[in-house]
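Below is one structure; the comments refer to it alone.
Bear in mind the structure is a predicted one, so any value in this text is a computation, not a measurement.
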Amino acid sequence: MEKNLRPGQPVSVTDAWGRNLLRKVVAVSGQKVWVCKPEEFEKARRERREPVCVGFPREAVNRGAL
């Protein structure tokens, strides 16, 4: 799977309960991908601040929207 992820890119992530969630990439750090809800990403951009995000292991991130 392609792992060239960039900020703002839509991805789906698999949470601890096996659910697929639509998120946007905030940053990539080593084997962790920091993501947030699309609404939070856009709101933070409008407000010129960093989005509130959570880290997922790379293997839990699937490129592309659901």
Side-chain angles (χ1 to χ4, degrees):
M1 178 190 321
E2 177 63 41
K3 290 297 184 179
N4 292 329
L5 301 169
R6 57 191 190 287
Q9 180 177 355
V11 294
S12 65
V13 296
T14 305
D15 71 8
W17 294 272
R19 297 176 298 189
N20 287 321
L21 308 169
L22 177 61
R23 297 294 184 258
K24 284 205 174 185
V25 174
V26 174
V28 179
S29 175
Q31 291 301 308
K32 190 171 279 191
V33 180
W34 296 91
V35 299
C36 67
K37 291 182 178 180
E39 301 82 14
E40 169 61 12
F41 189 88
E42 296 305 323
K43 184 176 179 182
R45 199 170 93 189
R46 284 192 310 271
E47 295 174 355
R48 301 178 196 269
R49 62 173 173 81
E50 289 293 317
V52 176
C53 56
V54 65
F56 279 83
R58 276 184 178 257
E59 58 270 7
V61 178
N62 304 304
R63 187 174 173 183
L66 294 172

Identify every side-chain donor-acceptor pair in residues 34-42 under 3.5 Å, counting partners at least two apart or on other chains, and give the distances.
residue: Glu40; atom: OE1; partner: Arg49; partner atom: NH2; Å: 3.3
residue: Glu40; atom: OE2; partner: Arg49; partner atom: NH1; Å: 2.7
residue: Glu40; atom: OE2; partner: Arg49; partner atom: NH2; Å: 3.3
residue: Glu40; atom: OE2; partner: Val52; partner atom: N; Å: 2.9
residue: Glu42; atom: OE2; partner: Lys24; partner atom: NZ; Å: 3.2

- Main-chain N/O of Gly30 paired to Arg58 side chain as donor or acceptor, under 3.5 Å: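 Indeed, once roles are kept as given, a pair shorter than 3.5 Å links the two residues.
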
- Task: Is it possible for you to say whether Val25 and Val13 belong to one hydrophobic cluster, with membership spreading through side-chain heavy-atom contacts below 4.5 Å?
- Result: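 Both belong to a single hydrophobic cluster.
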
- Item | Connected via hydrophobic side-chain network under 4.5 Å: Val28 and Val11 |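 In one cluster with Val28: Val11, yes.
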
- Message: For a quick check under 3.5 Å, do Asn20 and Thr14 share a side-chain donor-acceptor pair by atom type?
- Response: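 There is such a pair (donor and acceptor under 3.5 Å, judged by atom type) between the side chains of Asn20 and Thr14.
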
- Residue pairs, two or more places apart or on separate chains, that pass salt bridge (Lys or Arg N to Asp or Glu O under 4.0 Å) and touch residues 7-21: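 Salt bridge (Lys or Arg N to Asp or Glu O under 4.0 Å) check on residues 7-21 returns Asp15-Arg19.
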
- Please round to the nearest 0.5 Å and tell me the distance separating atom CG of Asn62 and atom CG of Leu21.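 Spacing of CG (Asn62) from CG (Leu21) equals 10.5 Å.
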
